[in-house]
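Read through the structure below, which is laid out as structure tokens, and then see the notes.
In the text below, chain A, chain B and the rest are named by the order of the sequence lines, each starting its count at 1.
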Amino acid sequence: MTDDRYHPPEIEKKWQARWDADALYRTPDDDPRPKWYALTMYPYTSGDLHVGHWYAIAPSDVQARYKRMRGYNVLFPMGFDSFGLPAENAAIKLQIHPYEWTARNIENMRRQLRSMGAIFDWEREVVTSDPEYYKWTQWWFLQFYKNGLAYRSLAPANWCPSCQTVLANEQVLPDGTCERCHTAVTRRNLSQWFFRITRYADDLLDFSDVEWPERIVTMQRNWIGRSEGTMIAFGLESPEVDDNQIRVFTTRPDTIYGVTFMVIAPEHPLVPHITTLEHRAEVNEYIERSRRATEIERLSTEREKTGVFTGAHCTNLLNGEKVPILIADYVLPTYGTGIVMGVPAHDQRDFDFARKYGIPIRVVIAPPDWDGQPLTEAYVEPGVMVNSDRFNGMSNEEGKAAVTKYLEERGWGGPTVNYRIRDWLLSRQRYWGAPIPIVYCDRDGEVPVPESDLPVLLPPDAEFKPTGEPPLARHQGFVNVACPVCGRPARRETDTMDTFVCSSWYMYRYVDPHNPEQPMSHQLARKWLPVDQYTGGAEHAVMHLLYSRFFARAARDLGLVEFREPFTRLYNQGTIIAGKAKMSKSRGNVVAPDEYVSKQGTDAVRIYLMFIGPWDQGGEWDDSGLAGVSRWLNRVWNLVLTPAETTTQAPADQVRELRRMTHKTIRRVTRDVERFRFNTMVAALMEYTNYLTRLKESGPVDADCWQEATTSLMLLLAPSAPHLAEELWERTGNAYSIHNQRWPEWDAELAAEEQITLVVQVNGKVRDRILVPADVSEERAKEVALSSEKVRPYVEGKETLRVVYVPGRLVNIVAK
RNA sequence: GCCGAAGUGGCGGAAUAGGUAGACGCGACAGUCUCAAAAACUGUUGGGGGGCAACCCUCGUGCCGGUUCGAUCCCGGCCUUCGGCACCA
């Protein structure tokens, strides 16, 4: 035994200081090696990193380190997402300024991140609430503004009464509650800033430049919700309405002759104008009722459909029929035109609605053996068109095109593509965010702040307690400004930007973090971007990840970058849970890594997190398994540092076996780390350690092969246990640093098995296992199998019908 | 309701172009060391049955069927869990 035991905290401190002093992990821009940009989602500055953060970050570091050893110039940066509501809320509660709260948190989180021993180049750190950063967030806004990608509009917005701000559609959960605080969201009409993400709806549906999980791609496709259909005009005669038509979007123009009513969303602006006097009271009451209903109730598909008649009618231009217009809250004001045609025979919702209100149900697509009897439910399958005038007899699929063409020829409509996605609402009525760089002047209107005046600084002395009014609006020194055009007194925009704006471009800033002239230079963008491997949680599927794709497309069209996808590869790790719930501060179930790190060491914590299970599946934090990893690292320590008894006359087959194990392990570890299979990577290293330990204790070993084995073990361990590997490397007399060594290569010949276990089955049941040469012939294998003593009792007295042979695997004797 | 992923020992999990189920680790039990305990190390550890014994038999990958010489893996039908979507006209 060595007199020195493995003391993780000591060696970890020692090497972190040394690496820091030597700038070992600085990422040079001028390096001829091929680049690899690995990125893990930066944390929000909540104050402490819990093991959930480590679970996401540490394995990403392992893979980045591996790439580094494979000869890449690796960029693996870290920063902080530091604007946002929690900072403000915490600051209010603790009576300190968000700036100070954030600064303290960053300091603590930076310390924790350093203790992880990752290869972050801290010279490239990015902090989104830093004026040096948000200056460029504002700059992006101005570029978008100048190119028609940012605009202001009065619209009903999602309002969170608890957060006291509006939210983007993406930040409202499916149950109609706020993504952050789970309060029921209400609607408010406000003048708000939007990014025109819908301009890129089709481009965003193209995922051909990307290697992403199918799940995320599907989620984005669904969110964008492209739907091809037909816009159809209906005649409207209403004294109060100028337009004599109303339009609906439908995917079923083939059912146009089945329209027996129209439904309009209660909040549609047309409603007050078309409603007749005698129905006004009833309509207003309904509108009031649906406004009071929460989003949750309204979204429930279980709920019975309700509606009321407006007194108005419109005309189906194809057959001249007048049909009643009703309002009903199952029609969404934000999708299509907010008006739908009711075809009860061929849409279940319309069917239920028509039944309830006694509206006629007219079949226009005949089911296969339809006898003309009334339907008991809507018929939505294909069929032949009936009751449809000139289109009778056509299949409904042909009918879709034919009706659309007919409408188009008469100027009554035509093919239309409709999207579910809406423009990105980025205004927030809160303090802790990047101010929107716009000035309002009575004479010049909406004026962008000149780029030379950026950043528009957040005034540190603002009263930021929420009142529903933007905090900046009450800061006279901030609001009052000279108009950039005419110099007269004007007012600043007082809303701040959604933090997702900050995170839509942070991966660009890392490549040129201190550039005072531009967000990043063209040259460095070309060198590093796009990100080769992005890792993070799947919860950002339709927020951060979609917004970032939009930013990249806009940046490409602005000539800033030459790609459209910011993240070439994406991998989502799972979630670490504690007590059946996701770890979060608000749930109070966070587990801090710090104590484990200071006792068992960061290397053990890193490896244990990988060992829990497949990375993409997450898992329960249970520290009892950590001890097993600690014990293993101790065994590695002893194995490498206690000299083995060596010889030059080890038996040949033992030498071959040792080399085979070494090369097999290199192959397994390499493949596993490439495919994010960290749990089996660790298992492979443990098995290898167990094997080497047994071999060493069994007697003298071949000196050269033993050397190769322990060297390989150290190298394979270096990305996962960087401190332990470095210490062992030094103690075994190698030159600093192990992290600058090349990853070992395996030799397929050496890794190949010489013997295989031939499984012998009788009727599918294993009866014997026989060692045979790996290159055994079929004849020989069958011969060996059939002559097995253990097999005999099962085939004796039976007829052998067949002998199945699987090369290198088994022989199955089928006997009866 | 729809779409997707998953269901394997006491526990986390291995193994799928269909071919030795349970690697690796935790826990448990037994032992070594110790005055004792902890730590460390060694051995055993899916259920049932048999043998003095190296071992042998049998059942077993959520449930019920199917395809196949052979199914944790493929197909059909259920059950459960977890994600996502949910009146999108």
- Message: Taking the minimum atom-to-atom distance to the side chain of A:Glu687, which one of B:rC24, B:rG19, B:rA89 wins?
- Response: B:rC24

- Item | Which nucleotide in B:rC88, B:rA21, B:rA40 has an atom nearest any side-chain atom of A:Arg420 | B:rC88

- Report the distance from atom CG of A:Leu771 to atom P of B:rU20, rounded to the nearest whole Å. 16 Å

- Assign A:Val766 to base, sugar-phosphate, or nothing according to its heavy-atom contacts below 4.0 angstrom with the strands shown. sugar-phosphate

- Base partner of B:rC2, which must satisfy Watson-Crick or wobble distances under 3.5 Å: B:rG84

- Item | Whether A:Arg549 side chain and A:Leu204 backbone form a donor-acceptor pair below 3.5 Å | yes

- Query: P atom, B:rA40 versus B:rC57: distance in rounded Å?
  - Reply: 39 Å

- So what does A:Arg215 hit on the nucleic acid, given a heavy-atom distance under 4.0 Å: a base, only sugar-phosphate, or nothing? sugar-phosphate

- State which of B:rC87, B:rG25, B:rC69 makes the closest approach to the side chain of A:Met686. B:rG25

- Message: Taking B:rU61 as the reference, what is the distance to B:rG49 when you measure between their C1' atoms (whole Å, please)?
- Response: 22 Å

- Message: Using a 4.0 Å heavy-atom cut-off, does A:Ile612 contact any base of the nucleic acid, only the sugar-phosphate backbone, or nothing at all?
- Response: sugar-phosphate

- What is the distance from CD of A:Gln348 to P of B:rC88, rounded to the nearest Å? 12 Å

- Item | Euclidean distance for C1', B:rU20 against B:rU72 (whole angstrom) | 14 Å

- Message: Using atom C1' in both nucleotides, what's the gap between B:rA17 and B:rA71 to the nearest angstrom?
- Response: 15 Å

- Task: Check for a donor-acceptor pair, side chain of A:Asp768 on one end and backbone N or O of A:Val791 on the other, with a separation under 3.5 Å.
- Result: no

- Do the side-chain N or O atoms of A:Asn679 get closer than 4.0 angstrom to the phosphate oxygens (OP1, OP2) of B:rG12? no

- A:Arg631 vs A:Val340, nearer the 5' end of RNA chain B by closest nucleotide: A:Arg631

- By the Watson-Crick or G-U definition, both distances under 3.5 Å, B:rA17 is matched with none

- Note on the structure: Across every strand shown, the nucleotide meeting Watson-Crick or G-U wobble geometry with B:rG7 (both distances under 3.5 Å) is B:rC79

- Round to the nearest Å and state the distance from A:Arg809 atom CZ to B:rG19 atom C1'. 6 Å

- Value in whole Å for how far the P atom of B:rG10 lies from CG of A:Asp622: 17 Å

- Message: Mind checking if A:Tyr419 touches a base, just sugar-phosphate, or nothing, with heavy atoms under 4.0 Å?
- Response: nothing

- Ignoring hydrogens and angles, tell me if any N or O in the side chain of A:Asp347 forms a donor-acceptor pair with the backbone of A:Asp350 under 3.5 Å. yes

- Task: May I ask you to say what A:Thr251 touches in the nucleic acid, namely base, sugar-phosphate or nothing, with a heavy-atom cut-off under 4.0 Å?
- Result: sugar-phosphate

- Apply the test side-chain contact (heavy atoms from CB on, under 4.5 Å) to residues A:Ile612 and A:Ile576: give CA-CA distance (whole Å), side-chain angles for both, the deciding distance (0.1 Å), then the verdict. CA-CA 10 Å; A:Ile612 288 174; A:Ile576 277 287; 4.0 Å; yes

- Would the A:Phe234 and A:Trp412 ring centres measure less than 6.0 Å apart? no

- Side-chain ion pair, A:Asp202 and A:Arg226, N-O less than 4.0 Å: yes

- Note on the structure: Out of B:rG19, B:rG84, B:rA89, minimum distance to the side chain of A:Met219 belongs to B:rG84

- Task: Using a cut-off of strictly less than 4.0 Å, decide whether A:Tyr794 has a side-chain nitrogen or oxygen near OP1 or OP2 of B:rC57.
- Result: yes

- Select base, sugar-phosphate, or nothing to describe what A:Arg221 touches, counting heavy atoms under 4.0 Å on all strands. nothing

- Task: Please test A:Glu397 against A:Lys400 for salt bridge (charged side-chain N to carboxylate O under 4.0 Å, His left out), starting from the C-alpha separation and ending with a verdict.
- Result: CA-CA 5 Å; A:Glu397 287 303 324; A:Lys400 283 181 184 174; 3.6 Å; yes

- Task: Return the nucleotide paired to B:rU67: Watson-Crick means purine N1 to pyrimidine N3 with N6-O4 or O6-N4, wobble means G-U with N1-O2 and O6-N3, both under 3.5 Å.
- Result: none

- If B:rC41 has a Watson-Crick or G-U wobble mate with both distances under 3.5 Å, name it; if not, just say none. B:rG31

- Considering only atom P, compute the distance from B:rC64 to B:rC52 and round it to an integer number of Å. 37 Å

- Task: For the side chain of A:Phe611, starting at C-beta, report the closest nucleotide among B:rG13, B:rC24, B:rA21.
- Result: B:rC24

- Task: Look through every strand shown and name the nucleotide pairing with B:rG46 as Watson-Crick or G-U wobble, where both distances are under 3.5 Å.
- Result: B:rC59

- Quote, to the nearest angstrom, the C1' distance that separates B:rA21 from B:rG46. 10 Å

- A:Phe261 and A:Phe353 aromatic centres sub-6.0 Å: yes

- Under-4.0 Å side-chain N/O to phosphate OP1/OP2 contact, A:Ser227 with B:rA89: yes

- Note on the structure: Walking RNA chain B from its 5' end, the first of A:Gly613 and A:Ser624 to be reached, judged by nearest nucleotide, is A:Gly613

- Decide yes or no, distance alone: a donor-acceptor N/O pair under 3.5 angstrom between the base of B:rG19 and the side-chain of A:Gln761. yes

- Rounded to whole angstroms, how far apart are CD1 on A:Ile577 and C1' on B:rA6? 14 Å

- Go ahead and name the base partner of B:rC73; Watson-Crick or wobble counts if both distances stay under 3.5 Å, otherwise write none. none

- Item | For atom CE of A:Met610 and atom P of B:rG13, their distance in whole Å | 17 Å

- Query: When syn is taken as a glycosidic angle within 90 degrees of 0, is B:rG49 syn or anti?
  - Reply: anti

- How many Å lie between CG on A:Asp672 and C1' on B:rC24, as a whole number? 12 Å

- Among B:rG25, B:rG19, B:rC87, which nucleotide sits nearest the side chain of A:Leu810? B:rG19

- Between B:rC11 atom P and A:Tyr608 atom OH, what is the distance in whole Å? 15 Å

- Task: Could you work out which one of B:rA89, B:rG19, B:rU20 sits closest to the side chain of A:Leu332?
- Result: B:rA89

- Assess the pair A:Tyr608 and A:Trp632: is the distance between their ring centroids shorter than 6.0 Å? no

- Item | Rounded distance in Å between the C1' positions of B:rA14 and B:rA6 | 16 Å

- On a plain distance test, is the side chain of A:Lys790 in donor-acceptor contact with the base of B:rC56 below 3.5 Å? no

- Task: Quick one: label A:Arg767 by what it contacts on the DNA or RNA (base, sugar-phosphate, nothing), any heavy atom closer than 4.0 Å.
- Result: sugar-phosphate

- Classify the nucleic acid contact of A:Arg635 as base, sugar-phosphate or nothing, counting any heavy atom under 4.0 Å across all strands shown. sugar-phosphate

- Query: Between A:Asp616, A:Val62, A:Thr535, which is the residue that forms a side-chain contact (heavy atoms from CB on, under 4.5 Å) with A:Phe676?
  - Reply: A:Thr535

- Message: B:rA15, OP1 or OP2 - any side-chain N/O from A:Arg668 closer than 4.0 Å?
- Response: no

- Query: Quantified in whole Å, what is the C1' atom distance between nucleotide B:rG22 and nucleotide B:rC88?
  - Reply: 48 Å

- Query: Hey, does A:Asn222 reach any base, or is it just sugar-phosphate, or nothing, if we go heavy atoms under 4.0 Å?
  - Reply: nothing

